[in-house]
Number of protein chains: 2
Amino acid sequence: MNVPTAQTWQSVQKEVLRRIHAREWKPGDLIPNEAELAKEFGCARTTVNRALRSLAEGGLLERRRKAGTRVAAQPVAKATLNIAVIRHEVEDRGARYGYQLALREARIAPTHISAALGVGVQERLLHVMALHLSNDAPYALEDRWINAVHVPDALKQDFRSVSANEWLLQNVPYTRGEISFSAKPASAENANYLNCPEKSALLAVDRLTWDHDQSVTVVQVLFAPGHQMRTRI
Amino acid sequence: MNVPTAQTWQSVQKEVLRRIHAREWKPGDLIPNEAELAKEFGCARTTVNRALRSLAEGGLLERRRKAGTRVAAQPVAKATLNIAVIRHEVEDRGARYGYQLALREARIAPTHISAALGVGVQERLLHVMALHLSNDAPYALEDRWINAVHVPDALKQDFRSVSANEWLLQNVPYTRGEISFSAKPASAENANYLNCPEKSALLAVDRLTWDHDQSVTVVQVLFAPGHQMRTRI
DNA sequence: CATGCTTTTATGTTCATACATAATAATATG
DNA sequence: CATATTATTATGTATGAACATAAAAGCATG
């Protein structure tokens, strides 16, 4: 018998992956328990646990106490998108980053904005619009409202050289947030900034962040036509 | 002194998170090493390691041997999107799922498809288009090419009741893949299937999967206008 | 037969200890 | 002084043992 000895959790994981990919363990199958695998591989149960846990986090295995571990019947591919500071995103692509503040006003917000931020309709909030450039071409349009009740310091910033994007990240913590991806037709204003035809299909990323129970900011980033967000699965 | 005793890795993690959110440890700061934290919390170093490792995986901490652990200066928000079987996606929203096969043909593919799949331009591939419905309304249009050289069994399937989406997941393993998100204007054909105006902004998800060195399938899923993919960060 | 209690079991976690590894700092050497 | 070598250090990982916990299965009781 060819007993695969595996003393590291990575090698255990590799062997488990091999068996899944080779369909020795098929989708839905119950696999041997940790103790058995540990014995087979000649390593500690802790090591097997580490390997299987990490595969379960990735969605390839499903584990339940007492019930055991099974290969996910329909593995949900998890696509992890890195939402970085836009400047870094541009620079990482080897392009020259540019930034233009388009609008900065402190005023009473549209009701859907104050509702989303959970503040009174009478509150003055900070509205910032900015254009991010890649090699002088429009890259993304950022349309942001900042909860000035929770983040009064934002009112002191002019956001002319440092984007609200970066200033907030450096200065205001958040504990949780929601993000959504969608496609939107370019408005006349969008089209003007992004230098594209009106009604072009734009990739939109909407974010709403919170610091405990206080909203911080709501932002929509519209990317220029053709933009792709990529990742591996 | 109020010494926070924390015997579980979750409680250690919680306290570390609290300190980061409270800016006791600021972005870029070096935090105490594992041994010190273990002493402070009155737990084993293993426990601290587990807590910090998991925060590092989430991008909130940066760790380097010998150099120590620091709070990420500009935490890259990681948005993890679950790419599930479309039927499940619809049913999870509490809607009735419907499926219509629109096209199924085995033929020589356009060059950009055979190039993407890494097969000869003369090879006959399987082309499948299908409409996914949610409460009888168009939900998503799936346009797929299957590498019939690597997956000859696909040619035996008619995909009239089971979507290629689900059949492949059940029957053909893949070891890696690429996924990209973008916005596209609806073609006349798209608009016809999705029952929307031509040139509507559609959210497009493009996937290419591989089984080791063999391509499996390339697929584009176009969602009906207004569709959002959401997640928490 | 349905319902609640008890046992069993597989995963989940903690711990102390030991050693591995990568990266930095200190030192020696030409 | 530049470069190679060595020591130091913080994270990374492996181990066996123990206990915790959730969930299934078995059992008893009405």
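Proteins come first, then strands; the chains are lettered A, B, ... in the order of their sequence lines, and each starts at number 1. Computed from a predicted model, the values in this text were never measured in an experiment. The figures that follow rest on heavy atoms only: side chains count, while hydrogens, waters and symmetry mates do not.
- Take A:L208 and apply the side chain to side chain contact (heavy atoms under 4.5 Å, CB included) test, not counting sequence neighbours, and it matches A:L117, A:W210, A:V218.
- Put simply, B:Q10 has a side-chain N or O that comes within less than 4.0 Å of OP1 or OP2 on C:dT13.
- The distance between atom CD of B:Q7 and atom P of C:dA16, rounded to the nearest whole Å, is 10 Å.
- When atom types are taken as modelled, the side chain of B:Q10 and the backbone of B:A51 share no donor-acceptor pair closer than 3.5 angstrom.
- Atom P of nucleotide C:dT14 and atom CZ of B:F41 are separated by 13 Å, given to the nearest angstrom.
- Using a 4.0 Å cutoff on non-hydrogen atoms, the parts of residues 54-72 of chain B near DNA chain D are B:R63, B:R64, B:R65, B:K66, B:G68, B:T69, ordered by number.
- Counting to the nearest Å, the P atom of C:dT9 and the CG atom of A:L30 are 15 Å from each other.
- The only member of B:V151, B:T175, B:N147, B:V172 that meets side chain to side chain contact (heavy atoms under 4.5 Å, CB included) when paired with B:D211 is B:T175.
- Comparing B:A35 and B:T46 by the nucleotide of DNA chain D whose heavy atom lies nearest to each, the residue mapping closer to the 5' end is B:A35.
- Here B:E62 does not pair with B:R70 in a salt bridge; the nearest charged N to carboxylate O distance is not below 4.0 Å.
- Residue B:R53 has no polar side-chain atom (N or O) positioned under 4.0 Å from OP1 or OP2 of D:dG12.
- Between B:T47 and the phosphate of C:dT13, there is no side-chain N or O to OP1/OP2 separation shorter than 4.0 Å.
- Atoms CG (B:L37) and P (C:dC15) sit 14 Å apart, rounded to a whole Å.
- Evaluation of atom-type donor-acceptor distances gives a pair under 3.5 Å for the side chain of B:R45 against the base of D:dG12.
- Using a 3.5 Å distance cut-off with no hydrogens or angles, the side chains of A:Y139 and A:E89 do pair a donor with an acceptor.
- If you take CD of B:E34 and C1' of C:dT17, they are 15 Å apart, rounded to a whole angstrom.
- One interatomic measurement links the two molecules: CG of B:N49 to P of C:dA18, which rounds to 18 Å at whole-angstrom precision.
- Among residues at least two apart or in separate chains, there is no ring-ring contact (aromatic ring centres under 6.0 Å, His included) pair with a member in residues 14-36 of chain A.
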